[in-house]
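Notes follow once the structure below has been shown.
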Amino acid sequence: MGVKQVVKGNFATAVAAKLARVDVVPAYPITPSTLFPEQISTYIANGEMDAELLLTESEHSAMSAAIGASASGARVATATASQGLKLMSEMLFIASGMRLPIVTAVGNRALSAPINIWCDHQDTIAERDSGWLQFYAENNQNALDLMLMAFKISEDRRVLLPSMVGLDAFVLTHTMEGVDVPLQEEVDEFLPPYKPVYTLDVKNPMTFGSFGTPAHYMEFKYQQWEAMENAQKVIDEVFSEFYEKFGRKYEKVSEYRTDDADIIILTMGSMSGTARAAVDSMREKGIKVGAAKLTVFRPFPFREIKDLSRKAKVLAVADRNISFGFGGAVFAEIAGALINEKEKPMLIDFIIGLGGRDITQEDFYKIAEISKDAIDKGKVEKMVHWINLREVQ
Amino acid sequence: MASDELFTSGHRGCAGCGMAAAVRMVLQEAGPNTIVANATGCLEVMTTAYPETAWKIPWIHAAFENAAAVASGIDVALKKLGKREGINILAFGGDGGTYDIGFQALSGMLERGHNITYVVFDNEAYMNTGIQRCSSTPFAASTTTSPAGKFSIGKKEKKKPIASIVAAHDIAYTATATIANYRDLKKKVRKALDAEGPSFIQIFSPCPTGWRYPSELTVELSRMAVETGIFVLWELEGSDMNKIKVTYWPKERKPVEEYLKMQRRFAHLFKPEKKTDILNKIQEEVDEKWKHLEELNEMAR
């Protein structure tokens, strides 16, 4: 049994790092993730955490140091957001290519320009192809739990890939919520110390990060792909072990009132609760609508999305990101996942909540209305809709 | 070659590579209890084509601009894991990865006070990508992005004084070295490794491919750079440049022309006609530098 505490999302990720007995935290502060290195430094200053905090001069160096530390056999965590994640981007690909199970909390924040410190998912979505596992928290409890599970999943020998856990800027990072903080002994049982396969060791010298010619490069990439495939199973295993241990259930895709739904609204992150509340209101009016939440974006939950797709006439995707020249990235992935299905629902994309614009129940009513219209007409007339957009001159 | 070499034969370095010789000498002094974090560049490319390696010590490469940051991560990780004692951590970079793109990471490492020895193998241009201008490239050298031509004398700007800039961080030990001054180099590597805190060595590393000279002249060019006074061998503890110790005083400095004319990157200074004004300018700057060093030496007495 854990201890109930009222904490901010950032605190939840920091306490997770402490409970995971992280060895090294290389960090560079950025809004809205600054509380993470602050909290870690406080833990260390008070003797509550035995870790090395390395305050680098940039996010690029933070991730570079994370790579050096992880290759030395340390359990490593950091936190960043937005521009910081972009500055790390080069090193994200290298961390995954070197198969280092680093865990990073990301306070999901919009990207410049114009500069904006509020929530959307553009920062992590743009790292979709970096070879990192991606988890998205709906609330602060999720942020803590997913961080803990991320270590276990990443460090599994079938995976050995880094993970990022996204939590919405301000909506979660700076908002106080009741969180069940597990006891240290419970976490120790769930997450044993990191046992690396290879390390920088003078007794057994090895070359890390070598030069891959065309004769070998593809096989490295294939193994990374395979590891990400393996992660599908490992995630299920760890989610179910976590449920047994802590009683909190996690699924790659969680469904809500989807069984007889004509319309299913798919969400990620903190908007998911709002979507469920909107579903309840609409159900009261007799509208057959359900909701589904994507917690794991990488590896992409193909099987779960296919199962979900069989339940509705319209799958309405709420994308808190935009891939210019296409639409929302989650929508694109779902369309790709369903391409070979004989029976598939109509897919409509809704760009929503960019740069911290509030997402309200009314937004989901509008999404349902547009989806209903497609059902009535029997076709999707417009693929990408922008929700709650001001008039643009 | 002795069998206990830690940087071994069979790498793909060019004949006469000054850096390869320098790396070998550094590791001879550092010994097997050493971990190297290497920046992207010739050194990484020529020594680690998978599945081969020329390194008999733990070695890691991540990217171009971050050897100092990767090494910092190793330092704190080993400390935390209780494995730091008796281990040398070295960061290796070329001049591109040190003077330019990796300068910020280097400065961060120095400021944080890591017990790491950073070695820059300075061949005065981006050689791995094909001889492009770097802030380390000396005045009037012709590179593929600062070519000599009818309206160009080669690089317009002076060489960035990296070692002095590094020393200004007030670190434990800073030195310059060449492979021609073998004992001087080894002594400096030892001092750097023994220093408490960050240390830095700039090793002048002639590149036959980039400087365009016959590969057997690498050691001779290193010697000539020192004998003409173009490259000063010095060391310093701390940041007070008035206290630098010149570790080799040329008996009689040779004219810089003798060094420059050995290399085709300076060929445009000699033909079709001799560019006396440019040559004089280079000579005057070297004279000026040595006048200052001699004054400092006088003061120190």
Side-chain angles (χ1 to χ4, degrees), chain A residues 21-26 28 50-76 78 87-88 90-91 93-95 97-98 100 102 193-194 196 198-213 215-217 219-220, chain B residues 6 12 31-40 44-81 83-84 86-89 91 101-102 104-112 114 116:
Chain A
R21 298 189 185 276
V22 161
D23 297 305
V24 176
V25 178
Y28 188 85
D50 179 20
E52 288 279 337
L53 176 66
L54 180 59
L55 297 168
T56 54
E57 79 299 331
S58 74
E59 286 93 350
H60 191 282
S61 282
M63 189 46 63
S64 301
I67 287 168
S70 184
S72 303
R75 181 174 280 162
V76 182
T78 185
L87 190 54
M88 278 183 186
E90 182 195 24
M91 302 320 298
F93 284 72
I94 294 171
M98 292 176 78
L100 300 169
I102 298 159
Y194 172 42
Y198 306 110
T199 62
L200 292 165
D201 179 6
V202 293
K203 291 187 198 81
N204 185 20
M206 285 188 196
T207 293
F208 286 62
S210 57
F211 185 64
T213 62
H216 297 282
Y217 183 86
E219 285 69 25
F220 278 100
Chain B
L6 298 167
R12 294 160 170 79
N33 289 333
T34 298
I35 298 174
V36 169
N38 209 126
T40 305
E44 155 265 326
V45 172
M46 77 198 208
T47 58
T48 69
Y50 181 86
E52 293 165 11
T53 182
W55 303 89
K56 286 190 172 178
I57 46 155
W59 181 96
I60 184 170
H61 155 256
F64 189 13
E65 67 279 54
N66 63 354
V70 173
S72 302
I74 297 168
D75 178 34
V76 297
L78 293 184
K79 236 183 250 168
K80 171 61 179 57
L81 300 173
K83 297 177 176 173
R84 185 68 180 86
I87 304 289
N88 302 311
I89 299 177
I101 199 166
Q104 175 181 314
L106 170 61
S107 179
M109 181 207 96
L110 300 171
E111 183 273 334
R112 291 189 301 269
H114 294 276
I116 294 170

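Chain letters run A, B, ... following the sequence lines, proteins first, then strands; residues in each count from 1.
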Relative to chain A, which of [options] shows the most heavy atom pairs under 4.5 Å?
{"options": "B:Ser72, B:Pro32, B:Ala62", "result": "B:Ala62"}
{"options": "B:Ala54, B:Ala77, B:Pro51", "result": "B:Ala77"}
{"options": "B:Gly108, B:Gly73, B:Ala68, B:Ala49", "result": "B:Gly73"}
{"options": "B:Ala69, B:Ala67, B:Ala63, B:Ala71", "result": "B:Ala69"}

Below 4.5 Å, heavy atoms only, C-beta onward: do [X] and [Y] meet side chain to side chain?
{"X": "A:Thr56", "Y": "B:Arg112", "answer": "yes"}
{"X": "A:Glu57", "Y": "B:Ser107", "answer": "no"}
{"X": "A:Leu54", "Y": "B:His114", "answer": "yes"}
{"X": "B:Val70", "Y": "A:Ser64", "answer": "yes"}
{"X": "B:Glu65", "Y": "A:Glu90", "answer": "yes"}

Any donor-acceptor pair under 3.5 Å from A:Ser61 side chain to B:Ala105 backbone: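 It does not hold such a pair.
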For A:Tyr28, is the OH atom crowded, meaning more than 12 foreign heavy atoms sit under 6.0 Å from it?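 Check fails, neighbour count at 12 or below.
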Is it the case that over 12 heavy atoms from other parts of the model lie below 6.0 angstrom from the CZ atom of A:Phe93?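 Yes, because the 6.0 Å sphere around CZ of A:Phe93 holds more than 12 heavy atoms from other groups.
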Checking heavy atoms, do the side chain of [X], its backbone, both or neither come under 4.5 Å from chain B?
{"X": "A:Leu55", "result": "backbone"}
{"X": "A:Asn204", "result": "neither"}
{"X": "A:Ala71", "result": "side chain"}
{"X": "A:Met91", "result": "side chain"}
{"X": "A:Met98", "result": "side chain"}
{"X": "A:Ile94", "result": "side chain"}
{"X": "A:Tyr217", "result": "neither"}
{"X": "A:Asp201", "result": "backbone"}

Provide the closest heavy-atom pair for [X] versus [Y] in the form atom of the first, atom of the second, distance.
{"X": "A:Thr207", "Y": "B:Trp55", "value": "OG1-CB, 4.2 Å"}
{"X": "A:Val202", "Y": "B:Thr34", "value": "CG1-N, 3.6 Å"}
{"X": "B:Lys56", "Y": "A:Pro205", "value": "O-CG, 3.5 Å"}
{"X": "A:Gly209", "Y": "B:His61", "value": "O-ND1, 2.8 Å"}
{"X": "B:Leu78", "Y": "A:Ser72", "value": "CD2-CB, 4.1 Å"}
{"X": "A:Phe211", "Y": "B:Glu44", "value": "CD1-OE2, 3.5 Å"}

Contact winner vs chain B - A:Gly97, A:Ala65, A:Pro26, heavy-atom pairs under 4.5 Å: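 Between A:Gly97, A:Ala65, A:Pro26, the count favours A:Ala65.
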With respect to chain B, which residue among A:Leu200, A:Asp50, A:Ile67, A:Thr213 yields the maximal number of heavy-atom pairs within a distance under 4.5 Å?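 So the answer, after comparing A:Leu200, A:Asp50, A:Ile67, A:Thr213, is A:Leu200.
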Check each atom of B:Ala37 against the heavy atoms of chain A and say whether the ones under 4.5 Å are side chain, backbone, both or neither.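 The answer is neither part of B:Ala37.
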To the nearest 0.5 Å, tell me how far [X] [atom1] sits from [Y] [atom2].
{"X": "B:Ile57", "Y": "A:Met206", "atom1": "CD1", "atom2": "CE", "result": "14.0 Å"}
{"X": "A:Ser70", "Y": "B:Ile74", "atom1": "OG", "atom2": "CD1", "result": "11.0 Å"}
{"X": "A:Met63", "Y": "B:Asn66", "atom1": "CE", "atom2": "CG", "result": "11.5 Å"}
{"X": "A:Arg75", "Y": "B:Lys80", "atom1": "CZ", "atom2": "NZ", "result": "10.0 Å"}

